[in-house]
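Values below: every heavy atom of this structure, side chains too, minus hydrogens, waters and symmetry copies. Not measured: the values here are computed from a predicted model.
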Amino acid sequence: MTRKALSVGELKINDSCCIRCQRCVKICPAGIFYEDNGRICTRNESSCIFCGHCVAVCPKDAVEHDAFPNGSVHPFSLAALPSPEQLMLLIKSRRSNRAFSGKEIPEESLRMIMEAAAAAPTAQNSRDVHFVLVRKPETLRAVTEYTLDSFMKVVRLLDNPFMRMLLGRKLAGVYKLVPKFKEMYRRFHAGEGDMILRDAKAVLFIYSSEKSRFGAADCNLAYQNASLMAESLGVAQFYTGFVLAALERDKKGRLNSILGLRNVKIHAGMALAVPEFRMGKYVDRNNFDCIEL
């Protein structure tokens, strides 16, 4: 939604419906609503961030906001929400499944995954979260080639005898990955498999404008929504960490060019496919650490 200044009349309280519960007063992050002599009033309407809290919380539809016309606000039953146990099971059962069947992903599943991502919260309700769904085989291949080429530049640098002597001990963990990167590059160009995208049928990239202050956080919140929706739909997915690692070294915007993007920053990526099989068990993770103050 494009931000605009609200003019008088676009946000008001219908006194005939209002029961003065003050929920809107307590929930509005911009402090627009206030109580005055038993009436709920508004002020500084231009500071509205269009979050919709006021219309969502009002039990009598007394808040009339032009940004949320009839048909855009949907009541639901709290009883219809998944239980905490069901949600926890979904969270614990979600895994990065890379065993793909080669079947096409249903269109409705892709739509629901993106819809779930778009429903994630954003800082200041900026809604500066956008998507590129890559499905063309030639573009998917270009993304893999881009990633492998980036890694091989690093490998060639690290293989330099002088650099190995200088950095071998300091970057011992990185040097352990060099044979892996070489093998990934060899296998891909020999036609033996794509170890970057694992022959995914689609990749969903999530991006914001270059100047977005909270772009990384907002896009990764959207990713989590999309990931859980994909799991619930039986669509395999994994985070494209290798691609994003290559992107960190990309000073020329090569990935943006491949995707036809300008003046934006990609913050998250998800490879998607129909799984060859699904897992019927989850494995306990290490206990989390929590400092209580």
Side-chain angles (χ1 to χ4, degrees), residues 19 21-30 33 49-61 63 68 71-99 105-106 108-129 131 202 204 206 208 214-241 267-293:
I19 59 174
C21 65
Q22 297 198 29
R23 292 185 179 185
C24 56
V25 176
K26 297 173 182 178
I27 203 71
C28 178
F33 301 89
I49 63 171
F50 305 100
C51 64
H53 286 351
C54 56
V55 295
V57 78
C58 182
K60 296 297 182 180
D61 299 326
V63 179
F68 305 100
S72 66
V73 181
H74 308 277
F76 63 90
S77 170
L78 294 176
L81 296 177
S83 69
E85 293 77 16
Q86 290 171 327
L87 181 57
M88 184 64 79
L89 180 58
L90 176 62
I91 291 170
K92 289 186 174 181
S93 65
R94 197 217 67 79
R95 303 196 69 81
S96 298
N97 187 349
R98 293 173 172 81
I105 306 169
E108 179 64 10
S109 294
L110 290 171
R111 185 195 65 78
M112 292 183 69
I113 289 168
M114 289 187 284
E115 183 178 347
T122 57
Q124 300 176 334
N125 198 42
S126 65
R127 314 315 301 166
D128 186 9
V129 174
F131 311 97
L204 181 67
I206 310 176
S208 69
F214 303 104
D218 290 345
C219 289
N220 279 283
L221 285 170
Y223 177 95
Q224 290 299 327
N225 271 22
S227 179
L228 290 174
M229 177 56 74
E231 189 70 29
S232 72
L233 291 166
V235 176
Q237 87 285 169
F238 65 84
Y239 196 79
T240 56
H267 296 287
M270 177 187 296
L272 296 158
V274 174
E276 184 177 350
F277 46 79
R278 298 190 68 181
M279 303 179 197
K281 293 177 279 188
Y282 70 81
V283 180
D284 287 335
R285 307 288 189 180
N286 292 334
N287 292 333
F288 58 86
D289 293 324
C290 176
I291 299 175
E292 294 190 22
L293 301 176

Can you see which heavy atom on [X] is nearest to which on [Y], and at what distance?
X: P275; Y: G234; result: CD-O, 3.1 Å
X: L89; Y: Y282; result: CD1-CE2, 3.8 Å
X: C28; Y: F33; result: CB-CD1, 3.7 Å
X: I113; Y: A230; result: CD1-CB, 3.8 Å
X: L110; Y: L272; result: CD2-CD1, 4.1 Å
X: I19; Y: K60; result: CG2-CG, 3.9 Å

Spacing of [X] atom [atom1] and [Y] atom [atom2] [to the nearest 0.5 Å]:
X: R98; Y: S96; atom1: CZ; atom2: OG; value: 5.0 Å
X: E231; Y: M279; atom1: CD; atom2: CE; value: 8.5 Å
X: I91; Y: L87; atom1: CD1; atom2: CG; value: 4.0 Å
X: C51; Y: Q124; atom1: SG; atom2: CD; value: 12.0 Å
X: R23; Y: H53; atom1: CZ; atom2: NE2; value: 14.0 Å
X: N220; Y: I206; atom1: CG; atom2: CD1; value: 7.5 Å

With a 4.5 Å cut-off on side-chain heavy atoms, are [Y] and [X] touching?
X: M114; Y: M229; result: no
X: F76; Y: L81; result: yes
X: S208; Y: D218; result: no

For A236, is there any backbone N or O sitting under 3.5 Å from a side-chain donor or acceptor partner on N97?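 Side chain of N97 to backbone of A236: no pair is present.
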Hey, does the side chain of S227 reach the backbone of Y223 with a donor-acceptor pair shorter than 3.5 angstrom? no
I'd like to check the ring-ring contact (aromatic ring centres under 6.0 Å, His included) partners of F131; sequence neighbours left out, ordered by chain and number.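 F131 satisfies ring-ring contact (aromatic ring centres under 6.0 Å, His included) with no other residue.
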Listed by chain and number, what are the ring-ring contact (aromatic ring centres under 6.0 Å, His included) partners of F214, not counting sequence neighbours?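 For F214, no residue satisfies ring-ring contact (aromatic ring centres under 6.0 Å, His included) once neighbours in sequence are set aside.
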Set of side chain to side chain donor-acceptor pair (under 3.5 Å) partners for D128, sequence neighbours left out: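 Partners of D128 under the side chain to side chain donor-acceptor pair (under 3.5 Å) test: H130, S209.
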